[in-house]
S.K.: 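My questions will all concern the structure given below.
Hydrogens, waters and symmetry mates play no part in the numbers below; they use all other heavy atoms, side chains included. Quick note on labels: first sequence line is chain A, next is B, and so on, each numbered from 1.
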Amino acid sequence: MRRRVVWKEEACIGCRLCEVYCVTAHSRYPGDVLKAFKRDPDRPVPRVVLEEKGPVSFALSCRQCEEPECVKSCLTGALGVDPARGVVVVDEQHCIGCWTCIVACPWGAIRPSRGEQPVAIKCDLCLGRLGIPACVGNCPNEALQLQECGKEG
Amino acid sequence: MQYVIIGNSAAGIGAVEGIRRVDRANPIILVADEPYPTYSRPLISYYLEGRIEETGMGYRPPGFYTENGVTTRLETKVERIDTELGQVVLDTGELLPYDRLLLAAGSRPVVPPIKGIDTEGVYFFNRFDDVRALRSQVRHGCRAAVVGAGLTGLKAAEALAHLGLRVTVADISPFVLSTILDATGAEIVRGHLEESGVHFLLGTPAVGVTGIPAAVAGMKDEWKNLKEKYRKVLVRENRVDSLVFTDGFAVPVDVVILATGVRPNLEIVEGSGIAVNQGILVDERLQTNIPGIYAAGDISEGWDLVTRERRVIATLPNAYKQGEVAGINMAGGNAEYPGGMQMNSVNFFGLSIATAGLSNVDDPALEVVTRVDSAHRVYRRMTLRDGRLVGFICIGDVGRAGILTALIRNGVPVGGWEERLLEGDFGIIDLPVEVRRNWQLA
Amino acid sequence: MAISMRTAPYRVHRDPDRCIQCQVCVRQCANGVHRWDDEEAEVVSEDRECVNCHRCVVYCPTGALTISRSPLDYAANANWRKPDIDQIYLQSETGGTLLTGMGNNRPYPVYWDHLLLNASQVTNPSIDPLREPVELKTLLGRKPDSLELKKGTLAEPVPPQLELEVPVMFSAMSFGSISLNAQKALARAAIDLGIYWNCGEGGLHPEMDPYTGRVIVQVASGRFGVNMDYLNAGAAIEIKIGQGAKPGIGGHLPGEKVGPEVSVTRMIPVGSDAISPAPHHDIYSIEDLRQLIYSLKEATEYRKPVGVKIAAVHNVAAIASGSVRAGADYLAIDGFRGGTGAAPLRIRDNVGIPIELALAAVDSRLRAEGIRNQVSLVVAGSIRNSADVVKAIALGADAVYIGTAALISLGCHMCQKCYRGKCNWGIATTDAYLSKRLNPEIGARRAANLIQAWKHEIKEMLGGMGINAIESLRGNRLALRGVNLTSRELDILQVKAAGE
Ligand SMILES: Cc1cc2nc3c(=O)[nH]c(=O)nc-3n(C[C@H](O)[C@H](O)[C@H](O)COP(=O)(O)OP(=O)(O)OC[C@H]3O[C@@H](n4cnc5c(N)ncnc54)[C@H](O)[C@@H]3O)c2cc1C
């Protein structure tokens, strides 16, 4: 079952709490915003991109495409689809940061990580970290939802 | 039904995955002349540099072949194809019958017209074997010359520089990355590489490689000792010593790397009746002129949706995607390849460069907008044809460049807001609402 | 420019140990209190613009922010209090009328808090609403003087009624004074709850079409948005004569606020001032009011109730009586604590009378005149909780309107700056960026939750009194006792003192 986070443009208020909680969930202190920001020296970058123009905004993250350009374009095989969990995953050990995925992703949903040797990072739906994605669970205006989509979705 | 795939790289693996989307049962035999399980060719520079080891080279995880019911015939070369009998002739003398055949034998380096290429210490930079050999030969402080300032050559130069070699890159063109960058972009990249310690000799062709003359063997002992002590390279006869240019100018070197481009491995189809031009000609289903025989990857000449002609596109994403479509069709599915385009993303010493489509073409029929910030090494160039994006260069900031790639692929009219594409924070939200609402891949 | 003598009324405290520089506060404050300082590379706050709306406090993911009243005060003075002095400074700077939002905040007595409810002990058993039904259904509208049955059915049809599952409705708040999202939230909640919402005097925005089944449409002195479709859309029509927060005063929506959305809704050109005159210029007498009531009834073929909303003023009982005689099917009476999107401060704080006294007076008067059955009474003006509802019904109301409480359920933090149009909670604003902050789905859920909760509490209180239908409480002032009230007040309320 393919799953992804979908946004409601009319409800996104551009507060960027999704980013705060995304960073926290992927930090060393997944449950503690304060520690994630104050104590994690390798605090990750958010995997969600807040797009904003005038009053319109939305928090975009990986669409977990049915035919993922990033996976097909990955030079090393680091990107793949995890069929059991229905998400596109990056093997960060295997990524060499060539950014071919970034140039391939039509949504601009992949980012370089921080650090000496940055690797591609993207929304992993917080799998293995939290029950529901941190952005969804903490969106104060319910602008983000976890959607399960069939083949065509 | 027996599938035979020649080639164990991106296109071949794409085909395995394509076939298995449709047919999980019938056997697949995969033949390749290299001895390794599928590996990522672009990783060879990272291997050379020592950033990854052999175990990290895999393009797919170790269990891949078993999981996909693939029988591999590695270290086995295909000599030719007998299209009449439906057989592949192997170098072992075996005949391998096929029902569906994929030609994914890729490309090989172009041999530049340089004298003395067989001198020891001269390497190509294309296969894992090349860099395995090279890695054992390079030491901190060695001098290396790279012939060819293309992507591969510069990746080699970067790796060697990281290893502490003194690297000179030579190219006949006055600009680096001349196939994908324009002069402005090339100068930014060259500046960055120079600052990172790479030297350039551009605009003059290298014409020869000279080896250490036999006389060296009779060198004074104290000299020999010194040489061994400091160069830490075994001094042997006929070992490369310098790279010579047209005007007689020569650069002293310990290794030479040849990286002047690739051309399709067409030998295997000689005499088979399979139609070729620069590469093997394929239709939108990746089939050759002979039914049941498909071709994909660097070996093929398929549709380029930007240039609107058939062209060899030697990039890995194109190879995989063509392979996948070919595989689906081989297994009886029905997939069409919308066409590929030149698309590259690469970085050197932390400077990212992304290009796609008609990235550097100057043509009165094309409209070009640029924005440059040389001080920060940030550059963007957008090329439009009939109000639609057909190519771009992004240097320094490639974030979200995939949206641009998709604009090209989807043929979205961008006339009127093309300047916005030059800004680093260009995003999905900048697309016209109706485009944004239907934003999917064409 | 001369220095301003006004000082910041609030102080923003940022705990540096907790602030993670995420800048959520910066983006949430439409007043520009928080900003990112590039040189310091940190978020800094400017107290002066803070209105104490708590938006940043609630949104701060680490609880790094608190706001307090500024400790700065003037020399102690029981006569010249701080607001008195501050207001003089402000008026000396601007030369203008002071504006404010929401209801009267002065320390006048709150009569609800001086009224106590009865409960059953021994002689009459109380009812447990979890086990036995307690009926809250309420019908608003003119009731016939008598009922005649013909072969078991009513001889004549009952005049049109509004049917409420709970005797609480959302009071008139126009699009313009509140955001479209706020209206949607209340409208959805009203539908879910089986009650009614009131679109106010600003017309009906096309996006409100799905919610018209339970809307009361207003016809006010500006006649904004009034046409046949509008009248037909309403479940009832309400003629707005006055508003508790600003009796005797019209309304003025400045042209800048009349954007394209407000313009279509109000049926006025973009950018033109929307002026609601103080009086209806076609109503100068009860007879004129009757004209309008019957015009509206004619126009809608007597299919829906037509009500009249008046502010609670000194002669409210007489006006109520006249209105009933003019044909009003229900009367909405808005007390002096009623909310507003914008009102002159002096009017809000000094005009009108408390709803409790007005209600008692009106109910008594209509009973005395024998016309109480001809009208339903809906009261408004600071109904804060379910106990206020029960007390209002015992004092004689059929139902209540809530405005402020409804907005608080949506997130209003009572900063009283509605008139600025920069509501950080997305409620009292038409700014597209700010309006989004109120997700109508969440708002509807919260407003519905509030009324559901009140419903449970009302049943509990009724059950405690041994009453199993709200009908039986209506006007039953024996259910009330007064504390701390003068005998004159008790007389007016017609409530006995506690212990009597
Ligand atoms: C150093 C380097 C860096 C690169 N970087 C990038 C990059 O950043 N981005 C990018 O898009 N592309 C890059 N490329 C190009 C990319 O690697 C190729 O486009 C891609 O590998 C093509 O895949 P392919 O499957 O078509 O063929 P190849 O990768 O060339 O593989 C051919 C396969 O066929 C087999 N074979 C060949 N001849 C025979 C025969 N006669 N019999 C049997 N088997 C045979 C080989 O063993 C091999 O398995 C790079 C290449 C190199 C060398």
Side-chain angles (χ1 to χ4, degrees), chain A residues 7 9 12 14 45 49-63 65-81 83 91-112 115-120 122 151-153, chain B residues 10 13-14 17 38-43 45-46 49 51-52 56-61 64 155 315-321 323-324 343-347 350 352-356 392 394 398-407 409-410 425-430 433 436-437 439-442:
Chain A
W7 65 80
E9 197 175 298
C12 175
V45 292
V49 186
L50 198 278
E51 295 222 32
E52 197 168 16
K53 191 180 190 182
V56 184
S57 60
F58 49 83
L60 182 151
S61 58
C62 173
R63 307 284 76 224
C65 301
E66 184 81 28
E67 300 284 344
E69 281 290 320
C70 58
V71 174
K72 297 179 195 218
S73 301
C74 177
L75 296 192
T76 68
L79 275 155
V81 178
D91 176 354
E92 292 180 16
Q93 303 301 313
H94 206 52
C95 172
I96 34 107
C98 70
W99 315 140
T100 307
C101 51
I102 292 182
V103 182
C105 172
W107 293 94
I110 304 182
R111 287 188 159 172
E116 271 293 285
Q117 290 192 336
V119 295
K122 60 176 287 299
K151 268 250 167 216
E152 64 293 340
Chain B
I13 298 303
E17 292 177 348
T38 183
Y39 67 89
S40 163
R41 199 165 300 289
L43 281 183
S45 69
Y46 296 85
E49 186 184 320
R51 190 170 149 189
I52 54 171
M57 294 285 292
Y59 183 53
R60 287 294 179 266
F64 177 79
K155 259 340 239 186
T315 69
L316 192 139
N318 187 62
Y320 178 89
K321 291 197 272 183
E324 187 186 39
M343 178 189 101
N344 284 98
S345 178
V346 62
N347 44 70
S352 305
I353 301 156
T355 62
F392 67 79
C394 295
V398 303
R400 315 199 74 196
I403 303 172
L404 302 173
T405 310
L407 283 175
R409 195 176 288 133
N410 296 352
D425 63 352
F426 173 77
I428 295 285
I429 204 157
D430 295 300
V433 179
R436 172 151 65 83
R437 295 266 148 85
W439 191 242
Q440 288 297 342
L441 280 181

S.K.: Which of the residues B/Ala356, B/Pro42, B/Ala354, B/Gly399 is involved in the greatest number of heavy-atom pairs with chain A at under 4.5 angstrom?
M.R.: B/Pro42
S.K.: Of the listed residues (A/Cys105, A/Pro112, A/Gly108, A/Pro118), which shares the most heavy-atom pairs with chain B below a 4.5 Å separation?
M.R.: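 Highest number of pairs under 4.5 Å: A/Gly108.
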S.K.: Please identify, among B/Arg60, B/Arg41, B/Arg437, the residue contributing the most non-hydrogen atom pairs under 4.5 Å to chain A.
M.R.: B/Arg437
S.K.: Side chain, backbone, both or neither: which part of A/Glu9 has a non-hydrogen atom closer than 4.5 Å to chain B?
M.R.: side chain
S.K.: At a heavy-atom separation under 4.5 Å, does B/Asp430 approach chain A through its side chain, its backbone, both, or neither?
M.R.: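 For B/Asp430, backbone and side chain are both near chain A.
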S.K.: Is A/Glu51 paired with B/Arg436 through a side-chain N to carboxylate O contact shorter than 4.0 Å?
M.R.: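 Salt bridge absent between B/Arg436 and A/Glu51.
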S.K.: Please examine the side chains of A/Leu75 and B/Leu43, heavy atoms only from C-beta on, and report whether any two atoms are closer than 4.5 Å.
M.R.: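 B/Leu43 does not reach A/Leu75 side chain to side chain.
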S.K.: Go through B/Gly14, B/Gly58, B/Ala10 and name the one with the most non-hydrogen pairs under 4.5 angstrom from chain A.
M.R.: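 Answer, by heavy-atom pair count under 4.5 Å with chain A: B/Gly58.
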S.K.: Restricting to salt bridge (Lys or Arg N to Asp or Glu O under 4.0 Å), what partner residues turn up for B/Asp425, sequence neighbours left out?
M.R.: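 Result, salt bridge (Lys or Arg N to Asp or Glu O under 4.0 Å) vs B/Asp425: B/Arg420.
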S.K.: Using heavy-atom distances under 4.5 Å, tell me whether A/Cys101 contacts chain B through its side chain, its backbone, both, or neither.
M.R.: neither
S.K.: So do B/Met343 and B/Asn318 actually touch side chain to side chain, heavy atoms under 4.5 Å?
M.R.: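 With C-beta onward as the side chain, the pair stays apart.
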S.K.: Relative to each other, are the rings of A/Phe58 and A/Trp7 parallel, tilted or perpendicular (30° and 60° limits)?
M.R.: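 Ring orientation, 0 to 90° scale: parallel.
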S.K.: Based on non-hydrogen pairs under 4.5 Å, which of A/Ile96, A/Ile102, A/Thr100 is most in contact with chain B?
M.R.: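 Among A/Ile96, A/Ile102, A/Thr100, the one with the most close pairs to chain B is A/Ile96.
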S.K.: May I ask you to test the B/Glu17-A/Val71 pair for a side-chain heavy-atom distance under 4.5 Å?
M.R.: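 They are not in side-chain contact.
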S.K.: Among B/Leu316, B/Leu407, B/Thr38, which residue forms the greatest number of heavy-atom pairs with chain A at distances under 4.5 Å?
M.R.: B/Leu316
S.K.: Within the structure provided, determine whether B/Arg409 and A/Glu69 are in side-chain contact (heavy-atom separation under 4.5 Å).
M.R.: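 B/Arg409 vs A/Glu69: side chains touch.
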